[in-house]
S.K.: 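Supplied in structure tokens, the structure appears directly below.
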Amino acid sequence: GRIKFDDMVKLLRRISPPLGLGKLCPDSTAYRNLMGMHMPLGTDNNVKFNATIFALVRKQLRIKLDGNLDLRDRELRNIIKRIWPRTPNRLLDEIVPLSLKGL
């Protein structure tokens, strides 16, 4: 599903650290944190919920974020496919999109 960008910021503030930002986090920091995840924003100011949650977990746990990000994305996609072979490519493209450079 999709969630409004502003609602996602509110949700991040409601989730306690280390996954979320906590209720004491200023709005400006929460917005900056969400923008730093480079989530594609729809024309209706919505973001994909699954992709955003996955990006949040990935960022907070520092999963495959060092070095060449395109290479790390491909590695992460391979790991996900190995662990959960039935993962639809549509979902995989949503949570770990390949850059156009990597194609």
Side-chain angles (χ1 to χ4, degrees):
R2 297 185 75 79
I3 184 170
K4 290 183 181 180
F5 188 81
D6 291 335
D7 292 340
M8 191 66 205
V9 170
K10 290 176 189 172
L11 179 62
L12 284 177
R13 292 185 68 223
R14 291 185 79 179
I15 301 171
S16 299
L19 184 58
L21 302 172
K23 62 183 176 182
L24 299 178
C25 178
D27 281 341
S28 59
T29 302
Y31 277 98
R32 197 170 36 250
N33 195 305
L34 190 56
M35 293 299 291
M37 290 189 283
H38 304 289
M39 296 307 309
L41 190 62
T43 56
D44 53 358
N45 283 340
N46 286 340
V47 292
K48 291 186 176 182
F49 184 78
N50 288 345
T52 305
I53 293 297
F54 188 84
L56 176 64
V57 169
R58 185 179 182 189
K59 180 179 182 208
Q60 296 300 94
L61 298 179
R62 307 281 313 148
I63 299 171
K64 297 281 185 190
L65 291 176
D66 57 330
N68 181 334
L69 197 54
D70 292 335
L71 177 62
R72 297 295 179 231
D73 284 347
R74 285 193 298 274
E75 289 173 355
L76 184 56
R77 289 173 68 93
N78 290 335
I79 290 169
I80 291 170
K81 284 301 260 187
R82 194 170 44 243
I83 295 171
W84 297 289
R86 292 184 179 171
T87 303
N89 284 331
R90 175 195 54 77
L91 178 60
L92 199 56
D93 290 342
E94 183 178 301
I95 61 174
V96 186
L98 288 174
S99 73
L100 295 176
K101 294 184 297 183
L103 296 178

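Basis for what follows: all heavy atoms, side chains included, without hydrogens, waters or symmetry-related copies.
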S.K.: How would you list, by chain and number, every residue that makes a side-chain contact (heavy atoms from CB on, under 4.5 Å) with Pro85, sequence neighbours excluded?
M.R.: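 Applying side-chain contact (heavy atoms from CB on, under 4.5 Å) to Pro85 gives none.
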S.K.: Would you check, one step at a time, whether the test side chain to side chain contact (heavy atoms under 4.5 Å, CB included) holds for Ile3 with Val47?
M.R.: CA-CA 6 Å; Ile3 184 170; Val47 292; 3.8 Å; yes
S.K.: What residues form a side chain to side chain donor-acceptor pair (under 3.5 Å) with Lys10, not counting sequence neighbours?
M.R.: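 With sequence neighbours excluded, Lys10 shows a side chain to side chain donor-acceptor pair (under 3.5 Å) to no residue whatsoever.
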S.K.: Please list all pairs passing the side chain to side chain donor-acceptor pair (under 3.5 Å) test where one or both residues lie in residues 80-91, with sequence neighbours left out.
M.R.: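 Listed once each, the pairs would be none.
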S.K.: Using the ring-ring contact (aromatic ring centres under 6.0 Å, His included) criterion, which residues pair with Tyr31? Sequence neighbours excluded.
M.R.: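 Tyr31 satisfies ring-ring contact (aromatic ring centres under 6.0 Å, His included) with Phe5 once adjacent residues are dropped.
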S.K.: Residues two or more places apart in sequence or in another chain: which of them pass ring-ring contact (aromatic ring centres under 6.0 Å, His included) with Phe54?
M.R.: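 Residues passing ring-ring contact (aromatic ring centres under 6.0 Å, His included) with Phe54: none at all.
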S.K.: Could you check whether atom NZ of Lys48 has more than 12 heavy atoms from other residues, nucleotides or ligands sitting under 6.0 Å from it?
M.R.: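 Count not over threshold, so no.
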S.K.: Tracing side-chain links under 4.5 Å among I, L, V, M, F, W and Y, which residues wind up in one group with Leu69?
M.R.: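 Leu65, all in the cluster of Leu69.
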S.K.: So, do Ile53 and Met8 sit near enough that their side-chain heavy atoms are less than 4.5 Å apart?
M.R.: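 In contact.
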S.K.: Can you list the other members of the hydrophobic cluster that holds Leu24, where links are side-chain heavy atoms under 4.5 angstrom apart?
M.R.: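 Result for Leu24 is none, singleton.
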S.K.: Going by salt bridge (Lys or Arg N to Asp or Glu O under 4.0 Å), name the residues that satisfy it together with Asp44, two or more places apart in sequence or in a different chain.
M.R.: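 For Asp44, no residue satisfies salt bridge (Lys or Arg N to Asp or Glu O under 4.0 Å) once neighbours in sequence are set aside.
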S.K.: Under 3.5 Å, which donor-acceptor pairs do the side chains of residues 13-21 form with other protein atoms, sequence neighbours left out?
M.R.:
from, atom 1, to, atom 2, distance (Å)
Arg13, NE, Cys25, O, 2.6
Arg13, NH1, Asp27, OD1, 2.9
Arg13, NH2, Lys23, O, 3.1
Arg13, NH2, Cys25, O, 3.0

S.K.: Kindly determine whether Ile80 and Arg77 satisfy side chain to side chain contact (heavy atoms under 4.5 Å, CB included), including the steps that lead there.
M.R.: CA-CA 5 Å; Ile80 291 170; Arg77 289 173 68 93; 5.8 Å; no
S.K.: So, Arg58 side chain and Lys64 main chain: donor-acceptor pair closer than 3.5 Å or not?
M.R.: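 Such a contact is found between Arg58 side chain and Lys64 backbone.
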S.K.: Can you list the residues that meet the side chain to side chain donor-acceptor pair (under 3.5 Å) rule with Asn78, with sequence neighbours excluded?
M.R.: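 Not a single residue meets the side chain to side chain donor-acceptor pair (under 3.5 Å) criterion with Asn78.
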S.K.: Looking at residues at least two apart in the chain, or sitting in another chain, which of them share a salt bridge (Lys or Arg N to Asp or Glu O under 4.0 Å) with Arg72?
M.R.: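 So Arg72 forms a salt bridge (Lys or Arg N to Asp or Glu O under 4.0 Å) with Asp66, Glu75.
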